[in-house]
Structure formats: structure tokens, C-alpha cells
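Below is one structure; the comments refer to it alone.
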Amino acid sequence: MAPRKAPKSAPPPAREAFARAFREAMTRNNVRNIDIVNRFGVDSSYVSQWRSGDRPIPADKAEELGLLLGVLPETISEPFHRKRVGLTIPSTAEAGSRQVLVDMAGHTKIERLADFPAPDGPQFLILPTFLVRAKSGHAALENVRWVLNPSRAMEPEISSGALVLVDASVRTHDAVIDGVTYAYSLRNRPDIRRILIRKDHWSVTGYGKHSDLTDVYESELQSLEICGLVLGSF
């Protein structure tokens with residue numbers, strides 16, 4: 001009779017906490033194993049082992065994975081956690097709680113701008129606070145949202161597909177400043193462009209003096225929905 005194989009041992013509780021955070025982030029963002037395989041060029045068995053906790057996510061993969069999933073890399077990768085945060089890995093008792101110790105100092109959670117169509121990707125981003133501050137100036141951080149620029153109208157100032165930060169508290173027509181760039185929706189079509197205020201109409205236009213513009217007269221001004229003031233882009 002062939003000898004019986006020893007049952008597969010469970011990953012250490014601390015590592016399972018990271019694996020659980022990874023699995024939950026994948027589920028939350030509808031990311032499949034094959035999506036990670038194709039994006040990172042890793043073997044599918046590695047992704048399965050990252051999910052099960054049999055293999056930790058390498059530190060050099062954690063940051064890009066974190067951006068993809070909208071989580072801090074130190075919450076899904078034990079090696080990155082050791083390297084970045086320098087905290088003691090939770091004990092068995094601590095790992096039983098569904099929380100992993102995370103140093104949020106220096107980072108800000110930015111929600112997606114809900115008015116624009118949901119792109120593939122996370123509902124929020126975790127960005128270094130100093131980068132957010134550099135773009136947002138005096139805007140309150142709790143009002144800052146992110147969106148991907150849907151058109152080429154503002155190139156080269158803002159590239160198509162660029163990550164744009166918006167002050168979502170600016171949403172009324174009387175708050176609009178002539179010549180400033182806004183995220184808006186006109187006739188249910190969202191875009192990012194400059195808004196010009198004229199005597200008998202408003203216009204939305206792209207970057208530069210000779211850009212195409214669309215006039216919006218007073219009778220249809222209600223169809224121009226202001227979604228936020230553009231603060232900057234990456």
C-alpha cells in the first residue's frame with residue numbers, strides 16, 4: 001500500500017490575513033486570476049498561491065497590485081509590510097480579527113467621482129498625501145475625487161485617460177469661474193473641458209484658443225451639470 005501523504009498545512013495565521021485582504025480586494029473589484037496573470041506576466045499557480053496564502057506576494061509586485069485593487073500594498077503583501085511599515089507581523093490572536101496593522105500616515109483615500117461612468121478599476125485610490133496636496137491646493141481632502149479623463153479635448157494639458165483630481169464640492173452654476181476647467185456632464189455626456197461664460201450663453205471648450213466649442217444657451221443651461229472643479233492631473 002502506498003504511503004499516505006501528510007495533509008497540506010494551513011498558512012501561518014499572519015500570512016492568511018494578507019491573503020484574505022488580497023482575495024477580498026480582488027472580489028470587490030471584479031479582478032480575476034487571469035487578469036493578474038496577463039497584466040504581470042506571472043504563472044497562474046503563483047496567483048492561486050497568493051490567494052491561498054501558500055506564497056506571499058513579493059514586495060516588488062505589491063505596489064502595482066495595490067494600485068490595481070485600490071488598497072495599500074502593505075495590506076496584501078507580508079514582505080512589503082515588513083519593508084514599508086516596519087511593524088511586527090500580527091500574532092496568532094491578532095490575525096484572527098480581520099484587520100492587519102496598517103500605517104495610514106502619509107496617505108489619503110480618494111473616492112471615484114460618481115457622476116462619471118465607472119471605469120474598470122477600483123472605487124477608490126490610496127495616494128500619498130503630499131501628491132494630493134500638490135494638486136489640490138487648499139481644497140478640503142474629503143471633497144477630492146478621482147476620475148479618468150474621457151476625451152482628448154484638453155490635450156496636451158490633460159491627456160486622454162489621465163488620472164484627474166476634482167473638487168466635487170463645486171457643483172453649482174453660480175460657483176463656476178469663467179475660463180476654468182471643470183468635470184461636467186452636458187446632455188448626459190460627461191467630459192472635462194474649460195467653461196466660458198458669455199453674455200447670452202455659456203460654452204464648453206478644449207485646450208487652446210482654436211479648440212472646438214459647444215455653446216449652451218440659457219434655455220438649456222440646466223442640461224449642463226457641473227460635477228466638480230478640476231484640481232490637477234497625473
I need the Leu69 CG to Ile76 CD1 distance, nearest 0.5 Å.
5.5 Å
Under 3.5 Å, side chain of Asp35 to main-chain N/O of Arg32, donor-acceptor pair present?
yes
Is a donor on one side and an acceptor on the other found under 3.5 Å between the side chain of Ser77 and the backbone of Ile57?
yes
Just wondering, more than 12 heavy atoms not from Arg189 lying within 6.0 Å of its CZ?
no
Just wondering, are more than 12 heavy atoms of other shown residues or ligands nearer than 6.0 Å to CG in Asn188?
no
4.5 Å side-chain heavy-atom contact, Leu231 and Val166
no
Salt bridge or not between Arg198 and Asp178? Use side-chain N to carboxylate O under 4.0 Å.
yes
From Ser233 OG over to Leu163 CG, what is the distance, rounded to the nearest 0.5 angstrom?
8.0 Å
Report yes if the side chains of Arg39 and Leu68 come closer than 4.5 Å at any heavy-atom pair, otherwise no.
yes
If hydrophobic clusters are built from ILVMFWY residues whose side chains come within less than 4.5 Å, do Ile192 and Leu196 share one?
no
Asp167 side chain vs Leu229 backbone, donor-acceptor pair below 3.5 Å
no
Asn149 side chain to Ser159 backbone, donor-acceptor under 3.5 Å
yes
For Thr214 and Leu186 the tightest heavy-atom approach is CG2-CD2, 3.9 Å
With a 4.5 Å heavy-atom cut-off, do Val164 and Val147 have their side chains touching?
yes
Got a second to check how far Ile36's CD1 is from Phe22's CZ, nearest 0.5 Å?
3.5 Å
Going hydrophobic residue to hydrophobic residue with side-chain gaps under 4.5 angstrom, can you get from Leu165 over to Ile177?
yes
Identify the heavy atoms of Gly161 and Leu148 that sit nearest to each other, and give their distance.
O-CD2, 3.8 Å
Mind checking the CZ-OG spacing from Arg145 to Ser169? Nearest 0.5 Å is all I need.
9.0 Å
Quick one: sort the Tyr217 and His201 rings into parallel, tilted or perpendicular, breaks at 30° and 60°.
tilted
Close side-chain approach of Pro56 to Phe18, heavy-atom, < 4.5 Å:
no
What distance do Trp202 atom CH2 and Tyr184 atom OH have between them, rounded to the nearest 0.5 Å?
13.0 Å
Exceeds 12 heavy-atom contacts within 6.0 angstrom, atom CD of Glu142:
yes
Whether Arg55 engages the ring of Tyr46 as a cation-pi pair (distance to the six-membered ring centre under 6.0 angstrom, angle to the ring normal within 45°) should be assessed.
yes
Within 45° cone of Phe234 ring axis and under 6.0 Å: Lys135 NZ or CZ:
yes
Please check if the side chain of Arg194 supplies one atom and the backbone of Val180 the other of a donor-acceptor pair under 3.5 Å.
no
Please name the pair of heavy atoms, one in Phe80 and one in Glu63, separated by the smallest distance, quoted to 0.1 Å.
CE1-CG, 3.4 Å
Nearest non-hydrogen partners of Trp146 and Ile110, listed with the distance:
CD1-O, 3.3 Å
Closer than 3.5 angstrom, by distance alone: can the side chain of Glu155 be matched with the main-chain N or O of Ser160 as a donor-acceptor pair?
yes
Would you say Asn29's side chain and Val31's backbone share a donor-acceptor pair under 3.5 angstrom?
no
Go through the steps to decide whether Arg171 and Asp115 satisfy the test salt bridge (Lys or Arg N to Asp or Glu O under 4.0 Å), and finish with yes or no.
CA-CA 11 Å; Arg171 304 185 67 88; Asp115 305 84; 2.6 Å; yes
Give the minimum heavy-atom separation between Ser136 and Val144, together with the two atoms involved.
CB-CG2, 4.1 Å
So, for Asn33 and Arg51, which heavy atoms are closest and what is the spacing to 0.1 Å?
OD1-CD, 3.1 Å
First locate atom CZ of Arg152, then atom CG of Asp191, and finally report the distance between them rounded to the nearest 0.5 Å.
13.0 Å
Is Thr205 reaching over with its side chain to a backbone N or O of Asp212, donor-acceptor style, under 3.5 angstrom?
yes
